Amino acid sequence: MSGGSAPRPRSGCECVVATSNPGKLREIRAILAGAPVLLASLASFPRVELPVEGEDYTENAIAKARAVARATGRPALGDDSGLEVAGLDGAPGPRSARFGGPGLDDAGRVAALLRAMSGLEGADREARFVCVVALAMPEGEIVTARGECAGRILATPRGDGGFGYDPVFEAEGAAGAMAQLTGSDKHRISHRGRALRALWKAHRGHAP
Ligand code: ITT
């Protein structure tokens with residue numbers, strides 16, 4: 001955790017989710033479904049722009065949350081996440097959304113990842129998802145939390161759930177790809193589920 005004493009949004013308050021990724025928004029809403037907070041989409045604030053991202057999950061998550069909190073005058077929740085592959089020295093990491101070049105969709109990035117990994121076997125296929133979430137208050141307070149999910153990269157895509165690299169990521173202890181799990185099974189073990197539960201617990205003292 002960072003940022004000193006944790007901000008405490010009032011019960012039932014509105015918080016803007018500082019993401020342009022619909023997969024993330026859907027998951028954040030599902031993970032925090034039991035929490036007394038109304039999660040607004042950035043689509044409701046079409047003039048608000050997200051900052052250009054750098055190479056550090058925490059800095060990126062804080063920058064997204066802070067930009068949206070300042071622009072909207074509401075608490076904002078940023079998520080910066082990525083996939084780290086052992087045999088690629090931790091790439092694509094914070095560049096996961098940009099891997100393979102501009103203009104690719106999720107399936108194109110998955111194909112680019114499998115191409116980059118051709119010939120990699122065993123421990124080189126080990127990987128983890130990382131997620132840092134940041135809650136920024138309009139007055140400037142920030143709290144962050146991190147979650148990870150370890151696993152390995154499959155040889156071919158499977159399933160159609162989730163988003164991003166889920167079709168080729170098999171979490172430790174799961175039989176099959178993340179994209180083959182139900183939403184609730186993914187959120188129980190995912191980097192995003194872990195990060196959001198830790199964030200919520202830090203400022204509410206219990207799970208969402
Ligand atoms: P915002 O910055 O607007 O939030 P983004 O997609 O650009 O959206 P990131 O820079 O944090 O966000 O990139 C995260 C990328 O990592 C995302 O686009 C996916 O490719 C991948 N990723 C993150 N979480 C994932 C998950 O749960 N399942 C599969 N892939 C994931």
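Counting starts at 1 for both ligands and their atoms, following the listed order. This one's a predicted model, so the numbers in the text were calculated from it and none came from an experiment.
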Of the listed options (S20, A18, G78), which comes nearest to atom 3 (O) of ligand 1 when hydrogens are ignored and any heavy atom counts?
-> S20
In the protein, what heavy atom is nearest to atom 27 (O) of ligand 1, and what distance, to one decimal place, separates them?
-> K186 NZ, 2.7 Å
Which residue owns the protein heavy atom closest to atom 7 (O) of ligand 1, what's the atom, and how far is it?
-> A97 CB, 3.5 Å
How does M178 reach ligand 1, by side chain, by backbone, by both or by neither, if only non-hydrogen atoms under 4.0 Å count?
-> neither
So which heavy atom in the protein is nearest atom 6 (O) of ligand 1, and how far is it from that ligand atom?
-> N21 ND2, 2.9 Å
Going by heavy atoms, is R95 under 4.0 Å from ligand 1?
-> no
Could you tell me how the ring of F129 sits relative to the ring of F169: parallel (under 30°), tilted (30 to 60°) or perpendicular (over 60°)?
-> tilted
Which residue holds the protein heavy atom closest to atom 10 (O) of ligand 1, what is that atom called, and what is the gap in Å?
-> E53 OE1, 2.8 Å
For atom 24 (N) of ligand 1, find the nearest protein heavy atom and state the residue, atom name and distance (0.1 Å precision).
-> R192 NH2, 3.0 Å
Salt-bridge present (D79, K64; N to O < 4.0 Å) | no
Closest to atom 14 (C) of ligand 1 among protein heavy atoms sits S81 O, 3.1 Å
Would you check whether L83 reaches within less than 4.0 Å of ligand 1, judged by its heavy atoms?
-> no
Distance filter under 4.0 Å to D80 heavy atoms, resulting ligand 1 atoms = 9 (P), 10 (O), 11 (O)
Going by heavy atoms, is H191 under 4.0 Å from ligand 1?
-> yes
Which segment of D106 sits under 4.0 Å of ligand 1 when only heavy atoms are counted | neither
Test item: R197 side-chain N/O and R188 main-chain N/O as donor-acceptor pair under 3.5 Å | yes
In ligand 1, which numbered atoms sit nearer than 4.0 Å to a non-hydrogen atom of G164?
-> 29 (C), 30 (N)
Quick one: does N60's side chain have a donor or acceptor within less than 3.5 Å of a partner on G54's backbone?
-> yes
Sidechain-backbone polar pair: R125 side chain, R152 backbone, donor-acceptor under 3.5 Å | no
In plain terms, say whether E55 and R95 are close enough for a salt bridge, that is, a side-chain N and a carboxylate O under 4.0 Å apart.
-> yes
If you measure from atom 19 (C) of ligand 1 to every heavy atom of Y165, F99, F129, which option wins on shortest distance?
-> Y165
Which atoms from ligand 1 have a heavy atom of T19 less than 4.0 Å away?
-> 1 (P), 3 (O), 4 (O), 8 (O)
Name the closest protein heavy atom to atom 28 (N) of ligand 1, giving the residue it belongs to and the distance to 0.1 Å.
-> D166 OD1, 2.7 Å
Using atom types as modelled and distance alone, determine if a side-chain donor or acceptor of Y165 lies under 3.5 Å from a backbone N or O of S96.
-> yes
Roughly how far apart are N21 CG and S81 OG, rounded to 0.5 Å?
-> 7.5 Å
Roughly how far, to the nearest 0.5 Å, is the CG atom of L38 from the SG atom of C15?
-> 9.5 Å
Using a strict cut-off of less than 4.0 Å between a Lys/Arg side-chain nitrogen and an Asp/Glu carboxylate oxygen, indicate whether R29 and E27 qualify as a salt bridge.
-> no
Min heavy-atom dist K64 to ligand 1 below 4.0 Å | yes
D80 side chain vs A61 backbone, donor-acceptor pair below 3.5 Å = no
Quick one: does R74's side chain have a donor or acceptor within less than 3.5 Å of a partner on P138's backbone?
-> no
Option among R158, K186, R109 that satisfies the salt bridge (charged side-chain N to carboxylate O under 4.0 Å, His left out) test with D166 = K186
What atoms in ligand 1 come closer than 4.0 Å to a heavy atom of L50?
-> 3 (O)
SB check R128 E84 (cutoff 4.0 Å) | yes
Mark up the atoms of ligand 1 that fall under 4.0 Å of a heavy atom belonging to K24, in ascending order.
-> 1 (P), 4 (O), 5 (P), 8 (O), 9 (P), 11 (O), 12 (O)
Residue part near ligand 1, for F163, under 4.0 Å between non-hydrogen atoms | both
Nitrogen or oxygen of R109 less than 3.5 angstrom from that of ligand 1 | no
Mark up the atoms of ligand 1 that fall under 4.0 Å of a heavy atom belonging to S96, in ascending order.
-> 15 (C), 16 (O)
